[in-house]
Protein chains: 2
Amino acid sequence: MGSDRARSKSITLSDVAKDAGVSPMTVSRVINGEASVRESTRISVQESIRKLKYRPNIGARRLAGAKVARICLLYGNPSSSYLGELLLGAVEMAGRLGHQLVVIRAGKDFSAETLAQQYGALWDGIILPSPMGDEAETRAVIEREKIPAVFTTGRVSSPRKKLAHAFEIGIDNRAAAKTLTQRLIALGHVHIGYIKGRKDHAGTALRYQGFCEAMDEAGLEVNPLLVEQGDFTYLSGMQAAERMLTFDPRPTAIFAANDDMAAGVLGAGSRQGLILPGDLSVAGFDDSPIATSIWPHLTTVHQPVSEIGSVAVERLDGIIFPKEDAANASPAHHQWLDYTLVERASTSSPNRHS
Amino acid sequence: MGSDRARSKSITLSDVAKDAGVSPMTVSRVINGEASVRESTRISVQESIRKLKYRPNIGARRLAGAKVARICLLYGNPSSSYLGELLLGAVEMAGRLGHQLVVIRAGKDFSAETLAQQYGALWDGIILPSPMGDEAETRAVIEREKIPAVFTTGRVSSPRKKLAHAFEIGIDNRAAAKTLTQRLIALGHVHIGYIKGRKDHAGTALRYQGFCEAMDEAGLEVNPLLVEQGDFTYLSGMQAAERMLTFDPRPTAIFAANDDMAAGVLGAGSRQGLILPGDLSVAGFDDSPIATSIWPHLTTVHQPVSEIGSVAVERLDGIIFPKEDAANASPAHHQWLDYTLVERASTSSPNRHS
DNA sequence: CTGAAAGCGCTTACAG
DNA sequence: CTGAAAGCGCTTACAG
């Protein structure tokens, strides 16, 4: 069995201690980032660790009473692809840090107070994807109970209260929407429609803001008739597009705040017999599976979801177990990761005759 | 911190031993299902375990040299919703059994021989979702190297060679496709089109077979002109539907072997101005996110993917660490889980005038 | 069929 | 700033 092989050759704390000429205790201190180790000692120990490729045994660590966190990942929809990728990154980092991942579904009977009850009993810190962490009540409980939390909504419109035990991760929603809009403008589009996302989703306002900024800076007018409220569903995107396409001049491009709605726009366009993307360019947001399921494939903004998952676990670790030697370092409350503009077949320059 | 609370109150092997009036060793044997324990002793120990709600400490178990498996979940597409749900179940069961989950992506340079190299070094058993485990070469390597493996494709057409170290999980593809077809027939459809899935996907043939069986049993003819080969993409579904819809009599219902293709059928139908589902009923397979993203929502077959993930880990555990007392019990090589027919807005009785 | 001993790899106090 | 001791909860041999 492979695990036996691994067992026999695995090297331990004591091996490192011998190699570095110190006691196992000192190696333990270096590993756990305690401040009370002489700089020269620390360096030589770290060198031995690297040389021997030492990897701490998580089981032993827990057993001996090390701090092990139970990290909750709260989700609403089990079949969302977002959850899968988030889990992918979270599982990886939780394994590396030796933490336990507790994946919990927020059912119909879920309320913010549930978190207060579960905290400490079921888990020690929580990751809240949108829209889980966007609700005011949830945030109030997080603050009141001082619950270590990471929100993965990304940059949002209204600056949030900064809590020492909370962290925000994700992409810069405004910058991403702006980048995409600028690309549409560069393609030659002037009449550009916009479909907003759900109001309870914290990124919604900022995406719209990014759209407006790009239009303004290009000297283009944001036509109120070409701005519709959607709810992130295909149907809402389709209906919004149907309305917009009756106006004259017709928009030559529509930017929807997520991919599902953008797919709905494509549906509306094809139903009206438009040539896609010649008559109508369509762009979405998220790069979810539907973006490459429908035809033409969607131009959209890709979020590094799996990385968001791993960073979320990493930050939560930092909140739950503050490192002494990092006390003075980065008191950051957020981290914006890189997004990518993905250009696919759903966008092009507008047809001349349109 | 919650973990500290948990620590102080957690009860151990010794607690159980005291309560049952035996040595810790005996309790350990009962937990690990060793055969050499007197029946009466076993029963009283199990009673104490239940009474005290004892849960073995996984860390300690590993540390002391218990058998811990590294279970690989091989995937191709990180943003598939299938992966997310599979992970959900796998993480849960791996945590419960104390195994380590190693999630690996099969990149472009992946080949069956990669498995032979990784086995033993990186992991001790593997879960192979479709189409990962459908390739003959992959199966040959699994057999040659005697790699503990679980295939999650579900029931497939050609009976596979039964390996002592392999297991098949999933739904009965034929029965599920048959059930769905029967429902379409019950709605009054006679001219029913079928779009096949990718040929390298092992469930493809059996789903088609289920369709044919239902038609035959209802005394309906499977019109060869209404059977198209697809490749599981939206585009292939759309193109197949476009061809079918030119025939006379036009099909009043189309059953696609997955949801993406079914969505493409809806796209083709709406482009042609058909009333959906009155003029054309559409059904898919999988109940993936797109099923409830598009409009109308798709009638489809729901697979218990998360359960498949947890059962896969459970079976792999049984293969890697055969329980002595289960030697005579279930020598099963497969397990078919329950599927669900989900009726949504994309199907109805056909319009009279069609 | 059952148990006493030793030890897995690490950490917590407790010293100095 | 560093170390010697004890122990976490379990399992592996080894006895009987």
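In this structure, B/Glu39 places its CD atom 16 Å from C1' of C/dT2, rounding to the nearest Å. In this structure, B/Leu13 atom CG and C/dA4 atom C1' are separated by 15 Å, rounded to whole Å. The separation between B/Arg29 atom CZ and D/dT11 atom P is 11 Å, rounded to whole Å. Nucleotide D/dC8 holds its C1' atom 13 Å from the CG atom of B/Asp15, rounded to whole Å.
Dashed line: the shortest gap from a side-chain N or O of B/Thr41 to OP1 or OP2 of C/dT2 is under 4.0 Å. Remark: B/Ser28 is in phosphate contact with D/dT11, judged by side-chain N or O atoms under 4.0 Å from OP1 or OP2. The side chain of A/Thr26 contributes an N or O atom lying less than 4.0 Å from OP1 or OP2 of D/dG3. Within the 4.0 Å cut-off from OP1 or OP2 of C/dG9, not a single side-chain nitrogen or oxygen of A/Thr12 is found.
Summary of the strand contacts: B/Pro24 and A/Val37 both lie near DNA chain D, and taking for each the nucleotide with the nearest heavy atom, the more 5' one is attributed to A/Val37.
The listed nucleotides are D/dT2, C/dG3, C/dA13; the one nearest the side chain of A/Met25 is C/dA13.
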Please, what dot-bracket string fits DNA chain C when only Watson-Crick and G-U pairs with both distances under 3.5 Å count, crossing ones use [ ] and pairs to another strand use |? |||.||||||||.|||
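With rounding to the nearest 0.5 angstrom, the CD1 atom of B/Ile169 is 11.0 Å from the CZ atom of B/Phe151. With rounding to the nearest 0.5 angstrom, the OG1 atom of A/Thr153 is 11.0 Å from the CD1 atom of A/Ile171. With values rounded to the nearest 0.5 angstrom, B/Ile319 atom CD1 is found 9.5 Å from B/Ile71 atom CD1.
For the pair A/Arg139 (side chain) and A/Asp134 (backbone), a donor-acceptor distance under 3.5 Å is absent. Between the side chain of B/His165 and the main chain of B/Ile147, a donor-acceptor pair closer than 3.5 Å is present.
Residue A/Leu52 comes nearest to A/Val16 through the heavy atom pair CD1-CA, 3.9 Å, listed as atom of the first residue, atom of the second, then distance.
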